[in-house]
Number of protein chains: 2
Amino acid sequence: MISTPALPPESSTEAKRFEAFLRAKKLKLTRERKAILAAIARKAPHFDAENRVSRATVYRTLNLLVQCGLVQKNSLGSSHACYEASHGREPHDHMICLQCGKVFDFYRTDLAALQNDLCQDRVFAPLYHNLQIFGLCADCITGADEKFIREQVARINT
Amino acid sequence: MISTPALPPESSTEAKRFEAFLRAKKLKLTRERKAILAAIARKAPHFDAENRVSRATVYRTLNLLVQCGLVQKNSLGSSHACYEASHGREPHDHMICLQCGKVFDFYRTDLAALQNDLCQDRVFAPLYHNLQIFGLCADCITGADEKFIREQVARINT
DNA sequence: TTTTTTGCAAATCGTTTGCACGCTG
DNA sequence: CAGCGTGCAAACGATTTGCAAAAAA
């Protein structure tokens with residue numbers, strides 16, 4: 001076993017932010033909340049290490065972390081969502097193939113600027129965005145029904 | 001009962017597209033599929049009029065319509081989704097408040113151009129996009145913990 | 001007639017909630 | 001000590017799936 005090392009600067013930053021948030025809302029800093037935050041800070045895949053914390057608590061805490069900006073929750077009206085730690089997240093977006101479902105990441109630094117630009121004339125403080133481009137990937141375009149698909153693409157893109 | 005009128009031009013366009021798609025995939029044009037397509041074409045809210053078609057069939061057909069481009073399915077890796085008819089859809093995007101969950105629509109004509117631009121150097125044929133901007137709405141910014149929230153926004157937006 | 005579809009009901013899966021007990025401030 | 005938070009198990013709601021009957025090609 002390794003003696004507990006000093007926490008990396010990022011996680012203590014995150015912890016401080018979370019604590020400040022809880023204080024502002026008069027909520028309590030429990031062992032479970034610390035554990036979940038720690039798991040996120042160390043980028044634990046799917047919170048495996050936090051099996052001792054009940055699922056209900058994980059969800060309740062995730063909601064707090066979302067409100068506090070430490071976790072991003074992506075959804076759109078649906079009851080399902082996709083949680084992702086904000087910390088160290090390269091702001092990337094997705095291209096999703098409608099035919100096979102494959103997801104491609106892409107990075108564009110200018111999208112953050114666009115985001116701020118979009119919000120400049122309205123009272124809305126943007127924290128992060130999520131851009132999904134749906135279409136057809138190379139494999140699916142060259143598939144059997146290529147002709148049909150190309151026609152489809154042409155029609156919609158005009 | 002009313003004698004069947006000629007279908008409006010849009011729906012017949014959609015119907016043709018769907019038929020071509022089914023033919024290309026050697027699938028059958030059933031009464032249920034027609035009914036669901038018709039409901040979408042007439043912008044029926046939530047397919048109320050299609051109660052006679054089983055839920056399973058609605059979902060199965062929606063998947064076909066998505067592949068064929070007549071319906072947009074918005075999700076992000078999650079198993080839940082948000083279906084929306086492509087037909088006559090103003091290409092709009094969403095700002096979503098993390099605090100209260102309210103959704104604001106916004107329209108930007110230049111986003112379609114951006115979408116094509118993003119895909120120009122890779123083999124991916126974009127059909128449509130979905131941009132979500134998460135942040136805090138006016139009401140929530142002016143709420144009790146304004147100070148904290150502003151700090152948060154400032155931190156993330158840099 | 002052959003193959004695809006449908007409807008039903010059961011199975012999933014992520015998420016939420018009510019409640020009694022436990023812990024933080 | 002007063003609340004807030006937790007675990008559990010049941011409730012939920014959207015979506016999927018297996019299977020036998022029904023419909024399209």
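Naming convention: chains lettered A, B, ... in sequence-line order (proteins, then strands); numbering from 1 in each chain. Everything quoted here is computed from the prediction, not taken from an experiment.
A/K26 places its NZ atom 13 Å from the P atom of D/dG3, with the value rounded to the nearest Å.
Closest approach to the A/Y83 side chain among C/dT6, C/dT15, C/dG18 is made by C/dT15 (side chain taken as heavy atoms from C-beta onward).
Checking A/L27 against B/R60, the closest nucleotide of DNA chain C that is more toward the 5' end is the one next to B/R60. For the pair B/A56 and B/R33, both in contact range of DNA chain C, the more 5′-proximal nearest nucleotide belongs to B/R33.
Between B/L64 and B/L22, some side-chain heavy-atom pair lies under the 4.5 Å cut-off. When side chains are defined from C-beta on, A/K34 counts as touching A/L29, because their heavy atoms get closer than 4.5 Å. Between A/K25 and A/Q67, some side-chain heavy-atom pair lies under the 4.5 Å cut-off.
Residue contacts for B/R55: at a heavy-atom cut-off of 4.0 Å it reaches a base atom on one of the strands shown.
Across A/K73 and A/V66, no two heavy atoms sit closer than the pair CB-CG2, 3.7 Å. Residues B/N130 and A/F134 come closest through the heavy atom pair CB-CE1, 4.0 Å.
Each end of the helix from C/dT1-D/dA25 to C/dG25-D/dC1 gets its own rotation axis from five pairs of C1' atoms, and the angle between them is 40° to the nearest 10 degrees.
Here A/Y59 does not reach the OP1 or OP2 of C/dT16: none of its side-chain N or O atoms lies under 4.0 Å away.
Each of B/V58, B/T61, B/T30 was checked for a side chain to side chain contact (heavy atoms under 4.5 Å, CB included) with B/V53, and the lone residue meeting it is B/V58.
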Please write out each protein N/O paired with an N/O of nucleotides 21-24 of chain C under 3.5 Å, distance rounded to 0.1 Å.
{"residue": "C/dT24", "atom": "O2", "partner": "A/K28", "partner atom": "NZ", "Å": "2.7"}

*Intermediate values then yes/no, side chain to side chain contact (heavy atoms under 4.5 Å, CB included), A/L65 and A/Y83*: CA-CA 10 Å; A/L65 289 165; A/Y83 293 94; over 6 Å; no
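A/H129 and A/D93 are linked by a side-chain donor-acceptor pair at a separation below 3.5 angstrom, with hydrogens and angles left out of the test.
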